[in-house]
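Here is the structure we will look at.
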There are 2 protein chains.
Amino acid sequence: MSKNEARPDPRIGRTRGLLRQALMALATEKRFGSLSIQEVTRRAGLNRSTFYLHYSGLHELLEDCARELFGQMRESIYQCPARPDLPSPERYEPYVRRVFDHLQEHEAFYRAMLGKRGDSYFRALFQEMLTELIFEPMRDDAPGSPHGSQLELAKRFYSAGFAGIATWWLENGRPISAGEASRQITRDLLPDYLRLLDI
Amino acid sequence: MSKNEARPDPRIGRTRGLLRQALMALATEKRFGSLSIQEVTRRAGLNRSTFYLHYSGLHELLEDCARELFGQMRESIYQCPARPDLPSPERYEPYVRRVFDHLQEHEAFYRAMLGKRGDSYFRALFQEMLTELIFEPMRDDAPGSPHGSQLELAKRFYSAGFAGIATWWLENGRPISAGEASRQITRDLLPDYLRLLDI
DNA sequence: CGGCTTTTCAACACGGTGATGGTTATCTGT
DNA sequence: ACAGATAACCATCACCGTGTTGAAAAGCCG
């Protein structure tokens, strides 16, 4: 039962990779909403009809791109050493730092997708990822966190705010370093969130 | 020099009003990104070519819709009586309340435009409006607010967070009342912003 | 090699785009 | 109320992207 998993056809992975690559390149060159399937497949060097064998539309392909990027994020954060020796807010600074490093690594794409000319769906996925990787774990560390709508409101506020800062940071050509941004957020914003959870 | 302003042709206002109305209705029925100029003009009962006499694309019309809505917001807040007798955070609760009332009044449209299937540009405009009507004025009331990137970061965080809450509120069918939402925000979130400004 | 899957290719009908020029309808100032 | 101005209408144009089809070519695997 070890080899039960039939190896997937390598052509599938290759094709989808080329499509993701093409989409991410084109998204940095023009508004996502004005891209066409034709354009993406041309850039990928593939036939237009091949696209439909894998996705039903550009948003599905975009979702795939997000999955890949956020997977990298997740791994980067998981292998980040926990620091229970530090006081509450400072403990989380490395995680915040990883997010900014990741944004910087894929700067052009994130700037394009999170900005005014970006995509609402991608922004929502990005925010959900932040909730899952940053704000849910912090909640779990709090003993008596609030319940129901109050908790939901807090999580939404802080993940949306974080995404807003990320957007501002990229749109303005990173006016402060990734480290400085992480420090300011950890010092000025996170304590308030933690205090909110400890009600 | 009093009558120097030539009265604008009433047909223009009427036509643009019909187009705005049609767009706002259609946006609640299907994803904004999939709307066509043809569809909007059909719904408005106008000829397709008329559209191009006023706008160069759907986003320009959308901008017009935003201008109208945010103008209503602005008026509603301006005629809101100032309460300098109340302590800092509570003083602003009526303003927050007006925002939620306005969202509720145009609930379907805002839910459609701010949600996952909404439009990035509209969200950006909405956030800028919040900054201008809520968070800039609060900054002006603070004597020694921080400067440069630190202030920008705080404003972005809180306006984005506020927009995030508004989106959550609409997406989930208003799990709490407008009054309750305003109260929670004023009590739990605004004090932190004011504290940040008073550094 | 042989059987299977993926990719390619040409063709199709359909719908939206942006722009043209000419006609009709509506508004404004006198 | 009329004449000129301006806005809206309409038919038409070439162009591009869509989503789907069926059959041929290429690639993968045992």
Side-chain angles (χ1 to χ4, degrees), chain A residues 1-65 68 112 117 119 121, chain B residues 1-65 68 112 117 119 121:
Chain A
M1 52 190 66
S2 63
K3 256 311 184 43
N4 207 353
E5 25 184 86
R7 223 180 312 164
D9 197 315
R11 286 172 289 183
I12 295 180
R14 188 187 69 102
T15 296
R16 296 190 182 173
L18 288 170
L19 288 173
R20 283 195 299 264
Q21 204 175 324
L23 181 74
M24 291 180 64
L26 283 169
T28 69
E29 295 168 21
K30 47 188 296 195
R31 128 179 234 102
F32 174 80
S34 75
L35 292 180
S36 64
I37 292 173
Q38 197 151 217
E39 235 171 328
V40 174
T41 52
R42 257 202 290 265
R43 174 68 65 100
L46 296 170
N47 192 282
R48 184 170 65 90
S49 65
T50 303
F51 181 93
Y52 297 99
L53 298 173
H54 299 273
Y55 307 103
S56 72
L58 283 179
H59 270 93
E60 230 169 75
L61 172 56
L62 177 63
E63 213 174 326
D64 221 4
C65 293
E68 196 193 23
R117 344 195 51 168
D119 182 77
Y121 184 54
Chain B
M1 56 191 66
S2 62
K3 256 309 188 38
N4 207 353
E5 23 183 271
R7 222 180 312 159
D9 197 315
R11 287 172 289 185
I12 295 179
R14 189 186 68 101
T15 296
R16 295 189 184 175
L18 288 170
L19 287 172
R20 283 196 300 266
Q21 205 176 325
L23 181 74
M24 290 179 64
L26 282 168
T28 69
E29 296 169 19
K30 46 187 295 197
R31 127 178 236 101
F32 174 80
S34 75
L35 292 181
S36 64
I37 292 173
Q38 199 151 216
E39 234 170 331
V40 173
T41 53
R42 256 202 291 264
R43 173 69 65 101
L46 296 170
N47 192 282
R48 184 169 68 90
S49 66
T50 303
F51 181 92
Y52 297 100
L53 298 174
H54 299 274
Y55 308 102
S56 72
L58 283 180
H59 270 92
E60 232 169 75
L61 173 57
L62 178 63
E63 213 175 327
D64 220 4
C65 294
E68 197 195 23
R117 344 196 51 167
D119 181 76
Y121 184 55

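Below, chains carry the letters A, B, ... as their sequence lines are ordered, and counting in each starts from 1.
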Can you measure [X] atom [atom1] to [N] atom [atom2] for me and round it to whole angstrom units?
| X | N | atom1 | atom2 | answer |
| --- | --- | --- | --- | --- |
| B:Leu35 | C:dG16 | CG | C1' | 13 Å |
| A:Leu61 | D:dT18 | CG | P | 13 Å |
| A:Arg14 | C:dT6 | CZ | P | 13 Å |
| A:Tyr52 | C:dT8 | OH | P | 15 Å |
| B:Phe51 | C:dA19 | CZ | C1' | 15 Å |
| B:Arg11 | C:dT26 | CZ | C1' | 4 Å |
| A:Glu39 | D:dC15 | CD | C1' | 15 Å |
| A:Leu46 | C:dT7 | CG | C1' | 9 Å |

Classify [X] by what it touches in the nucleic acid, base, sugar-phosphate, or nothing, heavy-atom distance under 4.0 Å.
| X | value |
| --- | --- |
| A:Leu53 | base |
| B:Asn47 | base |
| A:Ser36 | sugar-phosphate |
| A:Thr15 | sugar-phosphate |

Quiz prompt | Pairwise 5' ranking along DNA chain D for B:Ile12 and B:Arg48, keeping only the more 5' one | solution = B:Ile12
Quiz item: OP1 or OP2 of C:dT8 sitting under 4.0 Å from any side-chain N/O of A:Thr50?
Solution: yes
Quiz item: Is the distance from OP1 or OP2 of C:dT6 to the nearest side-chain N or O of A:His54 less than 4.0 Å?
Solution: no
Self-check item: Partner of A:Ser56 under side-chain hydrogen bond (donor to acceptor under 3.5 Å, both in side chains), chosen from A:His54, A:His59, A:Glu60
Solution: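 Among the candidates, only A:Glu60 passes.
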Quiz item: If you pin B:Pro8 and B:Arg42 to their nearest nucleotides in DNA chain C, which one's is more 5'?
Solution: B:Arg42
Self-check item: Atom pair OG1/CZ of B:Thr41 and B:Phe51 - distance to nearest 0.5 Å
Solution: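 If we round to the nearest 0.5 Å, B:Thr41:OG1 and B:Phe51:CZ are 8.5 Å apart.
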Quiz item: Which value, rounded to the nearest 0.5 Å, describes the distance between B:Arg42 atom CZ and B:Asn47 atom CG?
Solution: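 Answer for the CZ-CG pair, B:Arg42 versus B:Asn47, is 11.5 Å.
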Self-check item: Pair A:Glu29 + A:Arg43: basic N to acidic O under 4.0 Å
Solution: yes
Quiz item: CZ of A:Arg117: more than 12 outside heavy atoms within 6.0 angstrom?
Solution: no
